[in-house]
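The structure appears below as structure tokens.
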Protein chains: 2
Amino acid sequence: MPYDPSAFPPFAVTVDLVVLTVRRHALCALAVRRGEPPFQGRWALPGGFVRADEDLSQAAARELAEETGLRAHDPSVPAQDNGAHLEQLATYGDPKRDPRMRVVSVAHLALAPDLPAPRAGGDASNARWAPVEELLEQGGYGRDGELAAPLAFDHAQILADGVERARSKIEYSSLATAFCPPEFTVGELRRVYEAVWAVALDPRNFHRKVTGTPGFLVPTGGTTTRQGGRPAQLFRAGGATLLNPPMLRPEV
Amino acid sequence: MPYDPSAFPPFAVTVDLVVLTVRRHALCALAVRRGEPPFQGRWALPGGFVRADEDLSQAAARELAEETGLRAHDPSVPAQDNGAHLEQLATYGDPKRDPRMRVVSVAHLALAPDLPAPRAGGDASNARWAPVEELLEQGGYGRDGELAAPLAFDHAQILADGVERARSKIEYSSLATAFCPPEFTVGELRRVYEAVWAVALDPRNFHRKVTGTPGFLVPTGGTTTRQGGRPAQLFRAGGATLLNPPMLRPEV
DNA sequence: ATCATAGTCGTCTGCCTGACGATAAACACT
DNA sequence: AGTGTTTATCGTCAGGCAGACGACTATGAT
């Protein structure tokens, strides 16, 4: 097939972001309110057009910074610091997914600690962290009594795919630490798993598992009592990225 | 950001295919020879433009049919028959990945049994099954003595990603059956694992594992001696898609 | 002082896996 | 017909890991 420029239809290419964090024992996603049609006033995932000279991951990192102030974690820099984990999720290209034109969206998944406050163009009322169940349920009422309209476009599907990716990936990788601050306790890490999987885990078995997996956690020497109770050791994420054997997700 | 049609740059969107099969105890990928510049004469992954009214998965299924004659397995149809497994792999959008224009390629991964003979536009000399190591090694010589030039564009990266996806996915899913004909023996399935992982597995432990996993294999009642030796039971792929606990890939 | 909370160390049991012996049923020879 | 080769299939045993859960420790709150 010759590459005649008139032989292929032009597409708009966007990146959409599933930004996940754990707040108040719940897995939450960043949502922004749409200012223009279509779906004006509805909640949507943050995103935007890919620029002409930009790689897809660059566009995703730029959007992430614009919406949250988070820097994406560059894998080439060992000190991951405040950087959020960012990875490509999947691409959505149904011809009718945007009523105005043909848009192909390359969705990315970002995992961040609880710290940041959302800001959409500086307007906090148009951005929020919402529990993923609240964003995914159709027609219910959210915590604020507002009718929970479904997310704009196919963003409910994208969010569901991102949540599923995160849920499965923390099984066999050390990615759960991306939800934690630079230093954290075993209990805090356990609460991340409990929030993401929406299950209760045995603290003793969890402690044995994570401290017994080489390279997963590195003790910093410090302790903290910020969770109450007996002081807990502080850890940093170790170099290991793959968990073998994996963390087992309870059946029900 | 308003959706002014002049506010976003136009992209060409293509699908590229990583089609994998197992032949002669080796994991092989489908490669086609490029007829025009750039990379004229070099081997590349099959692919093509997404049409204006086509979904991404439809485009991938169409390209797969055009290149191999394989029908993609429609998940809504339980009888998978001759259909190949097809799933989205990842999207590649480096601004310089195609020297002519801005092309975003949505790569797909297809797994097929050994049956089909390649055909690229009816010309078999421009399509072949090649062992993935041969396609991925740089500067060596292939089986036919031909200098192994690297694949065109970023297709070596795409192929490597597809192979890695296949290798990890057969660990925790029943996807290895996609490499097998509709009816197959435990030994044939084991040789699929051995080819994809490039390892040797213990036949007795493998037999215990796959026959002991509920829903993985369904006996058809028949037997075959097409592999020589004692007649082996024939099985069909069962309904289970997830393997829990997973098949463990040997360390080395 | 007592309680509540959270963290940490152990024990026990059952399941799964890896290593490997043994038997079974075909085919290819001699 | 017997022997060897190949592949399939069943069984046994030891080690590792996870789930269930008891026990103890160290802090803050009342």
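Each chain gets a letter, A, B and so on, in the order the sequences are listed, and its residues count up from 1. Not measured: the values here are computed from a predicted model.
Separating the CZ atom of R226(B) from the P atom of dA25(C) is a distance of 20 Å, rounded to the nearest angstrom. Rounded to whole angstrom, the span from the CZ atom of F206(A) across to the P atom of dC17(D) amounts to 17 Å. The CG-C1' distance, from L234(B) to dA8(D), rounds to 13 Å in whole Å. Rounded to a whole Å, the CZ atom of F184(B) is 13 Å from the P atom of dA8(D). Separating the CZ atom of F235(A) from the C1' atom of dG7(C) is a distance of 11 Å, rounded to the nearest angstrom. Put simply, CG on L217(B) is 14 Å from C1' on dT9(D), counting in whole angstrom units. Spacing between atom CG of L243(A) and atom C1' of dA18(D) amounts to 14 Å, rounded to whole angstrom units.
By the side-chain hydrogen bond (donor to acceptor under 3.5 Å, both in side chains) test, K169(B) is found to be paired with E87(B), residues two or more places apart in sequence or in another chain being considered. Every residue was checked against the salt bridge (Lys or Arg N to Asp or Glu O under 4.0 Å) condition with E133(B), not counting sequence neighbours, and none meets it.
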Item checked: Under 4.0 Å protein heavy-atom contacts per nucleotide of nucleotides 25-30 of chain D, with B for base, S for backbone only and - for none -> BBB---

Checklist line | Annotated protein contacts, base or backbone, on nucleotides 14-22 of chain C with a non-hydrogen cut-off under 4.0 Å, one of B, S, - each | finding: --SBBBBBB

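Within the 3.5 Å criterion, the main-chain N or O of L201(B) finds a donor-acceptor partner in the side chain of E194(B).
Residues E63(B) and H108(B) have side chains not in contact (no heavy-atom distance under 4.5 Å, counting atoms from C-beta outward).
OP1 or OP2 of dA8(D) lies within a sub-4.0 Å distance of a side-chain N or O belonging to R190(B). Phosphate contact (OP1/OP2 of dA8(D), side-chain N/O of H207(B), threshold under 4.0 Å): absent. For R191(A), a side-chain nitrogen or oxygen approaches OP1 or OP2 of dG7(C) to under 4.0 Å.
Contacts classified as ring-ring contact (aromatic ring centres under 6.0 Å, His included) and involving residues 196-229 of chain A (residues at least two apart or in different chains) are given here: Y193(A)-W197(A), Y193(A)-F206(A). Within the structure, ring-ring contact (aromatic ring centres under 6.0 Å, His included) pairs that include any residue of residues 169-188 of chain A do not occur (at least two apart or interchain).
Nucleotides of DNA chain C nearest to Q227(A) and T211(A) differ in position, and the one nearer the 5' end is that of Q227(A).
The side-chain tip of R128(A) points at the ring of W43(A) from less than 6.0 angstrom away and within 45° of straight on.
Between D161(A) and Y92(A), the side chains place a donor N or O and an acceptor N or O closer than 3.5 Å (distance only, hydrogens not considered).
In this structure, NE2 in H85(B) is found 9.5 Å from OG1 in T177(B), a value given to the nearest 0.5 Å.
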